[in-house]
K.L.:
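Got a structure for you, questions after.
Whatever order the structure lists ligands and atoms in, that order sets their numbers, starting from 1. Nothing fancy with the numbering, it's 1 onward along the sequence.
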Amino acid sequence: MSTIRETSAAGGRGGRFDGRRMVVTGGSRGLGEQVVRLLLSEGACVATCGRTADHLDVLRDALAPSDRHRLVTRVLDVVEAGAVETFVAEAAEELGGLDGAVASAGGARGRGLGEATHQDWLATWEMNAGHAARLVGAAAPHLRAAGGGSVVVVSSISGSRPGPQAQYGSAKAAQIHMVSSLARELGADGIRVNAVSPGSMLIRGKRWDRIREEDPAAFDRFRDEFPGRQLVEPREVADVIAFLLSAESRGVTGANIPVDRGQNAPTPDGY
Ligand SMILES: NC(=O)c1ccc[n+]([C@@H]2O[C@H](COP(=O)([O-])OP(=O)(O)OC[C@H]3O[C@@H](n4cnc5c(N)ncnc54)[C@H](OP(=O)(O)O)[C@@H]3O)[C@@H](O)[C@H]2O)c1
């Protein structure tokens with residue numbers, strides 16, 4: 001059976017990622033969607049996943065035909081046992097190997113310490129640090145077989161600044177530590193592992209966009225956390241992720257790169 005890379009006649013577009021094979025978790029919406037779109041637009045073959053088939057279908061339908069045929073999608077929840085491992089194995093088979101991986105899925109469960117349950121802490125850990133660790137573990141043999149590769153883990157400004165929902169900040173901090181350790185463990189195989197830490201991103205329909213619509217005064221106060229009074233655009237983060245996946249960043253590993261427009265506090269309802 002021919003792989004997507006073979007049938008798409010890799011190369012010819014002149015893109016930075018022509019024929020490169022990438023997996024991206026959580027690529028149907030938000031930041032992950034921007035990463036998927038950017039990688040496809042620069043010639044990569046991409047496999048991505050999400051929990052909702054409709055979201056993946058909307059993404060696929062919105063792509064140019066020339067990009068669509070280089071996209072593989074799977075419906076799965078990254079916290080389910082074995083789901084990430086199966087996703088990576090199937091992606092590597094369909095794409096004909098792997099050159100890079102991005103752990104973008106993430107989020108938080110529960111509220112502050114008084115209300116968050118043990119289950120909220122466990123779920124938040126699994127969604128962020130747990131799934132990222134399993135993605136690196138599953139991708140490593142394929143990256144090794146390709147002679148090396150690059151992994152990017154999406155952490156957050158919350159991983160290094162205090163804010164409500166300590167379970168989220170703790171899991172994001174773990175991701176930052178994880179990349180520094182895994183970079184050393186996998187460096188001899190030519191595998192680089194880095195993190196990006198986005199500040200609060202303005203994503204259509206999501207929290208900050210809703211606050212902008214529903215409570216402009218609160219949104220305006222929050223903008224004071226940014227020296228330029230502008231929140232982060234997901235595409236700005238995607239650009240840094242693409243840089244970390246590309247050969248231009250070959251000297252960078254074990255790093256955490258903030259992409260936060262100099263943001264101070266991660267939320268307006270901080271301590
Ligand atoms: N938004 C921000 O301001 C911000 C700031 C700093 C860091 N971050 C981090 O950046 C990353 C992306 O955030 P985002 O705001 O772009 O998220 P988002 O808009 O909620 O998008 C998340 C994507 O991941 C998928 N997803 C979510 N949970 C999943 C799961 N358990 N299994 C599989 N797929 C899942 C979603 O699809 P389905 O819903 O269909 O599953 C969607 O495609 C996260 O790691 C987040 O912690 C976000």
Side-chain angles (χ1 to χ4, degrees), residues 23-38 46-60 62 71 73-88 91 102-109 122-135 152-161 163 165 167-176 178-179 195-212 219 222 225-226 230-238 240-241 256-261 263 265-268:
V23 283
V24 180
T25 62
S28 60
R29 293 186 303 159
L31 171 60
E33 177 188 352
Q34 294 299 314
V35 173
V36 168
R37 285 174 175 273
L38 180 56
V46 181
T48 194
C49 64
R51 294 162 301 180
T52 317
D54 282 358
H55 297 157
L56 290 162
D57 291 345
V58 167
L59 168 66
R60 179 180 291 284
L71 178 68
T73 58
R74 287 288 184 279
V75 178
L76 60 94
D77 188 330
V78 295
V79 306
E80 277 179 15
V84 168
E85 291 81 351
T86 302
F87 168 58
V88 170
V102 181
S104 188
R109 289 283 177 277
L122 291 178
T124 303
W125 171 269
E126 266 309 307
M127 235 185 298
N128 296 281
H131 118 262
R134 287 183 286 106
L135 181 71
V152 182
V153 174
V154 178
S155 180
S156 169
I157 183 176
S158 299
S160 55
R161 312 273 169 83
Q165 289 180 300
Q167 64 273 31
Y168 180 67
S170 305
K172 289 305 196 187
Q175 289 182 317
I176 294 170
M178 182 191 303
V179 302
V196 294
S197 284
S200 300
M201 292 183 282
L202 195 56
I203 298 172
R204 189 176 301 179
K206 287 208 70 180
R207 185 178 178 196
W208 307 119
D209 191 36
R210 287 200 305 271
I211 293 178
R212 180 170 63 163
F219 184 75
F222 183 44
E225 299 295 340
F226 300 80
Q230 297 289 328
L231 276 67
V232 178
E233 295 292 336
R235 172 60 195 249
E236 294 167 344
V237 183
V240 175
I241 292 173
N256 170 45
I257 303 187
V259 191
D260 58 14
R261 286 181 166 260
Q263 183 178 0
T267 78

K.L.:
After noting the C-alpha distance and the side-chain angles of W208 and F219, does the key distance pass the ring-ring contact (aromatic ring centres under 6.0 Å, His included) rule?
P.N.:
CA-CA 7 Å; W208 307 119; F219 184 75; 7.9 Å; no
K.L.:
Output all residues satisfying salt bridge (Lys or Arg N to Asp or Glu O under 4.0 Å) with R212, sequence neighbours left out; order by chain, then residue number.
P.N.:
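R212 satisfies salt bridge (Lys or Arg N to Asp or Glu O under 4.0 Å) with D209 once adjacent residues are dropped.
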K.L.:
In terms of heavy-atom contacts, does CZ of R134 have more than 12 from other residues, nucleotides or ligands at under 6.0 Å?
P.N.:
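Enclosed.
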K.L.:
If the condition is side chain to side chain donor-acceptor pair (under 3.5 Å), which residues does Q34 pass it with, not counting sequence neighbours?
P.N.:
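Q34 satisfies side chain to side chain donor-acceptor pair (under 3.5 Å) with no residue once adjacent residues are dropped.
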K.L.:
Non-hydrogen atoms closer than 4.0 Å to ligand 1: which protein residues do they belong to? List them by chain and number, please.
P.N.:
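Lining ligand 1 at under 4.0 Å, by heavy atoms, one finds G26, G27, S28, R29, G30, L31, G50, R51, T52, H55, L76, D77, V78, S104, A105, G106, G107, V154, S155, S156, Y168, K172, P198, G199, S200, M201, I203, K206, W208.
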K.L.:
Would you say that V259 contacts E233 through its side chain, given a criterion of any heavy-atom pair below 4.5 Å between the two side chains?
P.N.:
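With C-beta onward as the side chain, the pair stays apart.
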K.L.:
Sequence neighbours left out, what passes side-chain contact (heavy atoms from CB on, under 4.5 Å) with S160? Give chain and number order.
P.N.:
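For S160 there are no side-chain contact (heavy atoms from CB on, under 4.5 Å) partners, ignoring immediate neighbours.
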